*Asks:* 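Below is the structure I would like to discuss, written out as structure tokens.
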Protein chains: 2
Amino acid sequence: MDILNALESNKEKIERWIEVYLPPEDEFPSLIHRAMRYSTLSGGKRLRAYLTLEANSIVNGKEENALPVAASIEMLHAYSLIHDDLPAMDDDDLRRGRATSHKKFGEDIAILAGDALCTFAWQLIADRLPPDKAIEVIKVLGRAVGTGGMIGGQVADMHWKDWDLKDSKMIRYIHSRKTAALISASIVCGGITGDADNRELEIFKKGGFYLGMEFQIVDDLLDETGDEVKVGKKLRKDIEEDKLTYPRLYGIDNSRIYAKKYAEKAINEFLKLDDKARYFIELAEYVLTREY
Amino acid sequence: MDILNALESNKEKIERWIEVYLPPEDEFPSLIHRAMRYSTLSGGKRLRAYLTLEANSIVNGKEENALPVAASIEMLHAYSLIHDDLPAMDDDDLRRGRATSHKKFGEDIAILAGDALCTFAWQLIADRLPPDKAIEVIKVLGRAVGTGGMIGGQVADMHWKDWDLKDSKMIRYIHSRKTAALISASIVCGGITGDADNRELEIFKKGGFYLGMEFQIVDDLLDETGDEVKVGKKLRKDIEEDKLTYPRLYGIDNSRIYAKKYAEKAINEFLKLDDKARYFIELAEYVLTREY
């Protein structure tokens, strides 16, 4: 599949740029810079950065504008993972096959490394983009990672039992906010750094949302059926932690059907851009089969 | 003193606006919005917001541009206090006479409320200001609260013993980053929302830095000599927690002399703006006498 090559070469490129953008390890106080780099440069698929760069390219954007945004999104993603892994949250020791930030640096530095990445991401966008594009990106990303997006999803993920909302509505809320919001925004931001018109931005937004829902349902499935070595973190935790997931609510087979349905919805959106979005279409097909 | 009236009427105004800007409590998921509002609307002197609004007014800025920035700065300040108070950091139960965020809402929500305020602050600036001013403000504030500023100071505050740096250099590093950076940036940002020229911005930056150093030294002194009821938090903690402070390094009397020296430096800067900065001059005099 071409998409696998595209993801692989994107991964190398974005990691090189994150290296460049982040403060160097030996800059005082180096402890915090080491922690920021440790978590942001720890591998991973770089899916979100890929989405931004590819969307930017689809609408003929300059790569020099999309790269800092793609890197910022990976930093925001890394910050959210550092804080999610904390003892007071999901209490994870392992992430991408390595010790989590608080295991490696202590809880105080892990909290501050997340904080620092969050702040640095906005600053990088402000520093490197033309002001009008920077502001549009910050508005879209701010909503995607704020309480109407990622943080809201995280709150619901932990406290859903306390609230009076039907499980089917709750799971849709959690997945759309915790994961789909940022995946959708990653594509939209690439549209903004490029020259997407309103129709294209709408396709990016919707297609990205469906892709994000698909991605998270497959994540739920991997937690139940995946291989810990391949995934690089402890699995079978969702049940233990009493998380609301698609398999819990609908069973394994029906969850696969849901994932497939979201993949189809994403593909139908991206098809509106004809052949230009072929990598996004391949991606929606690939996510259904991913093993990590 | 006129400055006390000015601070008091500013306090009412900025709290009214923070009320307006923050997501309402009943917006889903309300738990996180309650936590954000609890910590940001918990009183305090609102010194930073005052500095922004007054600087903006000195250089004939429109208040409608300065208000969202002043509110954002208070949100960034509140986020830093929530995270500083966490068990893994300073482990405080009381702040401004009330339970700290993690005591009231639990550690997970306290971490996320800090995260949410940090993100919301940047978004508010992007939403409400003309793009060119918004970007300048984000650049200045980003540096003030990042690892070259507030976060760097916080890291050093906790880990100074592990590092090979003379105590006199270290204390200057900690105080300048942990406190003076944001106080200086609060004034500079008011210059940006107004129409400050480079000379005025430089005076704001330097004067603000000296004022911030003065403020933190007085804070150190209050920890040793202050009244817990007036200050609204547990005192005599710096010694217990092995913090590097001015009184610890130089003694009480010499610390008072340092505070006065920084006040004089601040006043000398602000005098360059003639009568226009009279409130900042009064403020530098007042801070020496503050009891909370």
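On a predicted model such as this, the values are computed, not experimentally measured, just so you know. Proteins get letters first, then strands, A, B, ... in listed order; numbering begins at 1 in each.
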*Asks:* Is chain A contacted by the side chain of B/L86, its backbone, both, or neither, given a heavy-atom distance below 4.5 Å?
*Replies:* side chain
*Asks:* Please identify, among B/L117, B/D127, B/I125, the residue contributing the most non-hydrogen atom pairs under 4.5 Å to chain A.
*Replies:* B/D127
*Asks:* Non-hydrogen atoms of chain A under 4.5 Å away: do they reach the side chain of B/F28, the backbone, both or neither?
*Replies:* both
*Asks:* I'd like to know whether CH2 of A/W160 has more than 12 heavy-atom contacts from other residues, nucleotides or ligands below 6.0 angstrom.
*Replies:* yes
*Asks:* Give a yes or no on whether A/K103 atom NZ has more than 12 heavy-atom contacts from other residues, nucleotides or ligands under 6.0 Å away.
*Replies:* no
*Asks:* Does any backbone or side-chain atom of A/L129 lie under 4.5 Å from a heavy atom of chain B? Answer side chain, backbone, both or neither.
*Replies:* neither
*Asks:* Answer yes or no: does atom NZ of A/K104 have more than 12 heavy-atom neighbours from other residues, nucleotides or ligands under 6.0 Å?
*Replies:* no
*Asks:* So which atom in A/I111 and which in B/A88 form the shortest heavy-atom distance, rounded to 0.1 Å?
*Replies:* CD1-CB, 4.1 Å
*Asks:* If you look at every heavy atom in A/V155 and B/P29, which pair is closest and at what distance?
*Replies:* CG1-CB, 4.3 Å
*Asks:* Would you check, one step at a time, whether the test side chain to side chain contact (heavy atoms under 4.5 Å, CB included) holds for A/F120 with B/T147?
*Replies:* CA-CA 9 Å; A/F120 191 83; B/T147 61; 6.0 Å; no
*Asks:* Evaluate the side chain to side chain contact (heavy atoms under 4.5 Å, CB included) criterion for residues B/D115 and A/Y79: first the C-alpha distance (whole Å), next the side-chain angles of each, then the deciding distance (0.1 Å), finally the verdict.
*Replies:* CA-CA 10 Å; B/D115 291 351; A/Y79 124 74; 3.3 Å; yes
*Asks:* Identify which of B/Q154, B/H159, B/M158 forms the greatest number of heavy-atom pairs closer than 4.5 Å to chain A.
*Replies:* B/H159
*Asks:* Which region of B/R143, side chain (C-beta onward) or backbone (N, CA, C, O), has a non-hydrogen atom less than 4.5 Å from a non-hydrogen atom of chain A, or is it both or neither?
*Replies:* both
*Asks:* Using non-hydrogen atoms and a 4.5 Å limit, figure out which bit of A/M150 sits close to chain B: side chain, backbone, both or neither.
*Replies:* neither
*Asks:* Should we count NZ of B/K139 as having more than 12 external heavy atoms under 6.0 Å?
*Replies:* yes
*Asks:* Of the backbone (N, CA, C, O) and the side chain (C-beta and beyond), which part of A/H33 lies under 4.5 Å from a heavy atom of chain B, both, or neither?
*Replies:* side chain
*Asks:* At a 4.5 Å cut-off on heavy atoms, which part of A/A116 comes close to chain B: side chain, backbone, both, or neither?
*Replies:* both
*Asks:* So which of A/D132, A/D162, A/I109, A/L76 has the largest heavy-atom pair count under 4.5 angstrom toward chain B?
*Replies:* A/I109
*Asks:* Just verifying a value: how many Å separate A/S30 OG and B/W163 CH2, rounded to the nearest 0.5 Å?
*Replies:* 7.0 Å
*Asks:* Hey, what do you get for CD1 (A/I138) to OG1 (B/T119), rounding to the nearest 0.5 Å?
*Replies:* 11.5 Å
